[in-house]
Amino acid sequence: MPELPEVEVTRLSFAERIAGARVQSVRLGKPLRWPLGVDPLVLAGRTVRGVRRRGKYLLLDLDRGVLLLHLGMSGSLRFDTAMPELALHDHFDLVTDLGVLRLNDPRRFGAVVYAESEAAPEAVKLLGGLGVEPLGGEFDLAAFHAALKKRKAPIKQVLLAGDVVVGVGNIYASEALFLAGIRPTLAAARISKPRAARLHAAIREVLARAVAKGGSTLRDFSNAQGESGYFQLEAMVYDRKGEPCRVCGSPIRMIRQGQRATYFCPVCQKP
DNA sequence: AAAAGCCCCTGGATGC
DNA sequence: TGCATCCAGGGGCTTT
C-alpha cells in the first residue's frame, strides 16, 4: 500500500502530536518482518523528539536511539489517546503519556526496528542503499539522467528499485511515466535528456499532488487520524485496464513487469 | 555491478 | 455455498 505519499501523509498526521511524548511501554503482537532489536523494557522513559521520513521509512527520533518504521504492503499507523487492547492485526504499540502509536498490518510485511542511531549497522542496512529524496532539493536532473544512463532495465523497474530515487512505488511509477509520456518498458539508458527532464518533473508533480490529496486509499490505507486518501480517484492509468485514457480515449493497457502490474496508455506514452 | 526471481503473509475477488 | 486460484501500495535476499 504505502508509497512515499502515504508515508508522508501518515507522518504529517501525527508528528506534531507525538513530539515530546514520554514512552511508558511497548506492546507487541505477532512477529513482523524483523524483530524489534531491543528489549522493549529499555525504551520506557525515553522521549520522542520528532518524526522524519526517509523513502518509505519513518524515523521516530528518541532522546536516545531511533525507531525505524516501515508499513510494508498493508500497514497503517494510528496515534490516539484511547486505545485499549491489541486487536487482530495490531502488532506494535508505543504507549506514551500523550497517546498510543499503533501499527496495524494484516500481511506483516512491515517492521519496527530499533537502532542506537542512524549510523548504526541495523539502520544502515535498511537505509544505506536508498536513492535521493524526490521532493527535496537534492533531486538533481543531471544526476538523475546520468544514473538512468547506467541502467539497461525497463524504466518502470528502475524507478521501483528505489536506488536511484526513493518513494516511487507501483502506483506512482505508472502515473509518473504517463505524465512524462514515456512507455514503462523503455530501457532507462535510452531515455534522452529532455525526456528525463519530463520524468524528473512528473515524479515530483505526481508525488506532491498525491500528498496534497491525502495519498491513495485502494482498500485500507488511512493516516494516523484514520482519514482516507483521495488520489486514487484521479489516477490516469493505475488500475484502469481497458478503461479509456483520460487524454486520448485509447484503452489503458496492463502488462506485467517483474511480477508487478504496470498500466500505460499505448498512444500517449511513446517507446 | 546489475538484473531477475523468490519469498515473507493475510484477505478479498473471481471462477468452477 | 464451498473450495481453489490469483492478485494486492514492498523490498531484502539469493541466484544468474
Side-chain angles (χ1 to χ4, degrees), chain A residues 1-11 29-35 37 53-58 68-77 87-92 103-113 121-131 146-176 184-190 203 206-207 210-211 213-223 228-235 237-241 254-263:
Chain A
M1 148 234 156
E3 304 182 31
L4 183 150
E6 290 74 31
V7 177
E8 180 64 8
V9 162
T10 296
R11 188 185 74 81
K30 287 187 187 176
L32 292 162
R33 179 164 191 166
W34 298 294
R53 181 189 55 73
R54 179 73 178 96
K56 297 171 189 169
Y57 286 91
L58 286 177
L68 282 65
L69 288 80
H70 199 289
L71 302 180
M73 285 278 259
S74 58
S76 60
L77 288 174
L88 184 67
H89 300 143
D90 291 336
H91 303 305
F92 177 87
L103 174 66
N104 179 277
D105 185 4
R107 291 176 73 179
R108 291 190 283 128
F109 288 176
V112 183
V113 175
E122 313 83 65
V124 171
K125 187 181 86 170
L126 300 179
L127 307 176
L130 298 183
L148 295 187
K149 278 283 172 213
K150 297 176 187 166
R151 302 293 203 92
K152 292 180 178 171
I155 181 61
K156 158 83 175 339
Q157 288 171 257
V158 171
L159 292 178
L160 277 192
D163 50 354
V164 173
V165 57
V166 292
V168 184
N170 210 40
I171 297 177
Y172 302 110
S174 284
E175 293 298 311
T185 48
L186 181 62
R190 299 189 54 190
I203 289 169
V206 75
L207 294 179
V211 171
K213 289 287 173 179
S216 295
T217 297
L218 297 188
R219 47 171 58 84
D220 53 13
F221 170 73
S222 62
N223 67 26
S228 298
Y230 295 93
F231 184 84
Q232 73 281 3
L233 299 176
E234 53 191 74
V237 291
Y238 185 81
D239 206 19
R240 299 194 63 238
K241 178 183 180 182
M254 195 271 271
I255 59 173
R256 211 154 268 288
Q257 293 180 288
Q259 42 265 93
R260 316 283 309 266
T262 298
Y263 300 86

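Proteins come first, then strands; the chains are lettered A, B, ... in the order of their sequence lines, and each starts at number 1.
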Open item on the list: Considering only residues two or more places apart or on different chains, which pairs with a residue in residues 151-166 of chain A satisfy salt bridge (charged side-chain N to carboxylate O under 4.0 Å, His left out)?
Closed with: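 For residues 151-166 of chain A: A:R151-A:D163.
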Kindly give the atom pairs (protein nitrogen or oxygen, nucleotide nitrogen or oxygen) under 3.5 Å for nucleotides 7-9 of chain B.
from  : atom 1 : to     : atom 2 : distance (Å)
B:dC9 : O4'    : A:R107 : O      : 3.4
B:dC9 : O3'    : A:R108 : NH2    : 2.8
B:dC9 : O2     : A:R107 : NE     : 2.9

Open item on the list: Stem finding on DNA chain B, please: runs of three or more consecutive Watson-Crick or G-U wobble pairs, both distances under 3.5 Å, sorted by first number.
Closed with: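 If one scans DNA chain B for consecutive Watson-Crick or G-U pairs, the stems found are B:2-8 with C:10-16, B:10-16 with C:2-8.
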Task: Gap separating the CG atom of A:L103 from the OG atom of A:S76, nearest 0.5 angstrom - done: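 It is 7.0 Å, given to the nearest 0.5 Å.
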Task: Spatial distance of atom CD1 (A:I171) from atom CG (A:L4) [nearest 0.5 Å] - done: 12.5 Å
May I ask you to verify if any side-chain N or O of [X] is less than 4.0 angstrom from the OP1 or OP2 atom of [N]?
X	N	answer
A:H89	B:dG11	yes
A:K125	C:dG12	no
A:R256	C:dA8	yes

Task: Salt bridge A:E122-A:K125, side-chain N to carboxylate O under 4.0 Å - done: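 No.
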Task: A:K150 NZ: over 12 foreign heavy atoms closer than 6.0 Å - done: no
Rounded to whole Å, how long is the line connecting atom [atom1] of [X] with atom [atom2] of [N]?
X	N	atom1	atom2	result
A:M73	C:dC7	CE	P	13 Å
A:L68	C:dG10	CG	P	18 Å
A:Y263	C:dA8	OH	P	6 Å
A:K56	C:dG12	NZ	P	10 Å
A:D163	C:dC13	CG	C1'	15 Å
A:W34	C:dG12	CH2	C1'	6 Å
A:D105	B:dG11	CG	C1'	13 Å

- [ ] Indicate yes or no for a side-chain donor-acceptor contact from A:E6 to the backbone of A:G215 under 3.5 Å, with no hydrogens or angles considered.
- [x]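 Judged by distance alone, no pair lies under 3.5 Å.
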- [ ] For A:H89 and A:N104, indicate whether the former's side chain and the latter's backbone hold a donor-acceptor pair under 3.5 Å.
- [x]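 Here the side-chain-to-backbone pair does not exist.
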Assign [X] to base, sugar-phosphate, or nothing according to its heavy-atom contacts below 4.0 angstrom with the strands shown.
X	result
A:R151	sugar-phosphate
A:A161	nothing
A:Y57	sugar-phosphate
A:Y172	nothing
A:G258	nothing

